[in-house]
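Whatever order the structure lists them in is the order used to number ligands and atoms, beginning at 1. When reading the values below, keep in mind they use all heavy atoms of this one structure, side chains included, and skip hydrogens, waters and symmetry mates.
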Amino acid sequence: MNRGLRISRGSHPPVTAIYPGSFDPLTNGHLDLIRRSSGMFDKLVVAVLNNESKQPLFSVAERQDMLRDAMSGMPNVEVGTFSGLLVHYAKERGARVILRGIRAISDYEFELQMTHMNRRLEPGIETVFLMANEAYSFVSSRLVKEVFRLGGDVTGLVPPQVEQRLRQRIRGEGL
Ligand code: PNS
């Protein structure tokens with residue numbers, strides 16, 4: 001388990017954080033954030049947005065599988081899925097913290113809007129931000145898909161099992 005900074009210090013009640021996103025697909029930037037934050041909270045729920053209407057590349061079940069594969073060895077991390085309002089799901093899971101990552105200043109405006117809206121909807125839930133690891137500050141699921149579709153190499157930007165799924169889905173290899 002990650003032995004870094006711990007926000008929850010054994011004082012009760014335990015703190016559950018929720019890390020929501022599309023994860024279409026999971027990148028090493030997401031995974032780095034999950035690793036770092038898993039040591040800070042008693043429980044971390046990685047919540048995959050059910051956004052089938054946006055025609056994601058991978059189904060919710062596939063996205064959850066990729067997360068579970070990558071997160072073995074992190075016993076306090078669970079994978080969930082939600083549709084509807086994030087704050088409703090956070091309440092349902094007993095989460096008092098929403099966790100988000102910021103890669104660059106361009107992420108800030110949207111995150112600020114979401115934070116204020118979520119706080120208005122549910123003042124008891126606090127949004128906490130971690131700065132993305134600089135090694136992945138340029139990595140997004142959208143760019144990974146685009147680069148891969150156009151024949152570029154994404155090794156090191158996504159976990160190996162995600163790369164393999166991209167190969168199958170986009171290039172039809174290994175089917
Ligand atoms: O990884 P993403 O796509 O940037 O994640 C965006 C996400 C899932 C955090 C956001 O779209 C979301 O929370 N959607 C759920 C609907 C909701 O609660 N909307 C109001 C939030 S201000």
Side-chain angles (χ1 to χ4, degrees), residues 15-38 40-41 43-71 74 77-149 154 157-159 161-163 165-166 169-170:
V15 180
T16 295
I18 196 151
Y19 177 36
S22 302
F23 303 106
D24 185 41
L26 170 72
T27 68
N28 281 344
H30 295 130
L31 196 53
D32 175 70
L33 212 84
I34 293 168
R35 277 207 192 97
R36 284 158 56 205
S37 56
S38 67
M40 295 179 178
F41 302 100
K43 186 156 101 182
L44 180 69
V45 179
V46 182
V48 177
L49 176 68
N50 187 343
N51 53 352
E52 297 295 340
S53 61
K54 278 212 224 158
Q55 298 191 313
L57 180 63
F58 294 104
S59 70
V60 169
E62 289 170 321
R63 286 180 266 158
Q64 285 187 294
D65 280 352
M66 287 184 262
L67 277 160
R68 284 197 195 97
D69 273 356
M71 285 167 9
M74 294 188 231
V77 186
E78 281 176 24
V79 179
T81 179
F82 73 106
S83 45
L85 282 180
L86 170 63
V87 289
H88 288 169
Y89 182 67
K91 270 196 100 176
E92 192 183 306
R93 297 301 305 255
R96 289 191 282 147
V97 172
I98 293 170
L99 180 82
R100 293 284 289 172
I102 293 212
R103 290 164 299 193
I105 197 75
S106 49
D107 285 336
Y108 177 79
E109 213 164 317
F110 177 54
E111 296 299 333
L112 187 69
Q113 263 186 325
M114 282 206 299
T115 300
H116 288 321
M117 183 58 84
N118 283 332
R119 186 181 295 139
R120 185 177 189 278
L121 292 167
E122 193 47 66
I125 297 179
E126 201 63 67
T127 303
V128 170
F129 291 98
L130 285 187
M131 293 301 152
N133 186 322
E134 64 276 16
Y136 305 119
S137 60
F138 60 96
V139 178
S140 69
S141 301
R142 185 183 62 79
L143 270 188
V144 162
K145 285 182 282 193
E146 181 175 317
V147 167
F148 196 86
R149 270 198 187 102
V154 297
L157 304 183
V158 294
Q161 63 272 34
V162 171
E163 203 178 332
R165 293 226 190 203
L166 283 167
R169 180 61 40 91
I170 293 179

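Applying the side chain to side chain donor-acceptor pair (under 3.5 Å) definition to pairs two or more places apart or across chains, those involving residues 81-92 are Tyr89-Arg93.
Contact between Met74 and Ser38 at its shortest, heavy atoms only, is SD-OG, 4.3 Å. For the residue pair Ser141 and Asp24, the shortest heavy atom distance occurs at CB-O, 3.4 Å. For the pair Ser140 and Thr27, the tightest heavy-atom approach, listed with the atom from each and the gap, is C-CG2, 4.1 Å.
The immediate protein surroundings of ligand 1, defined as residues with any heavy atom under 4.0 Å of it, consist of Pro20, Gly21, Ser22, Leu49, Phe82, Gly84, Leu85, Leu86, Arg100, Met114, Met117, Asn118.
With hydrogens and angles disregarded, no donor-acceptor distance shorter than 3.5 Å links the side chain of Arg63 to the backbone of Asn50. The backbone N or O of Ile170 sits nowhere less than 3.5 Å from a side-chain atom of Arg149 that would complete a donor-acceptor pair.
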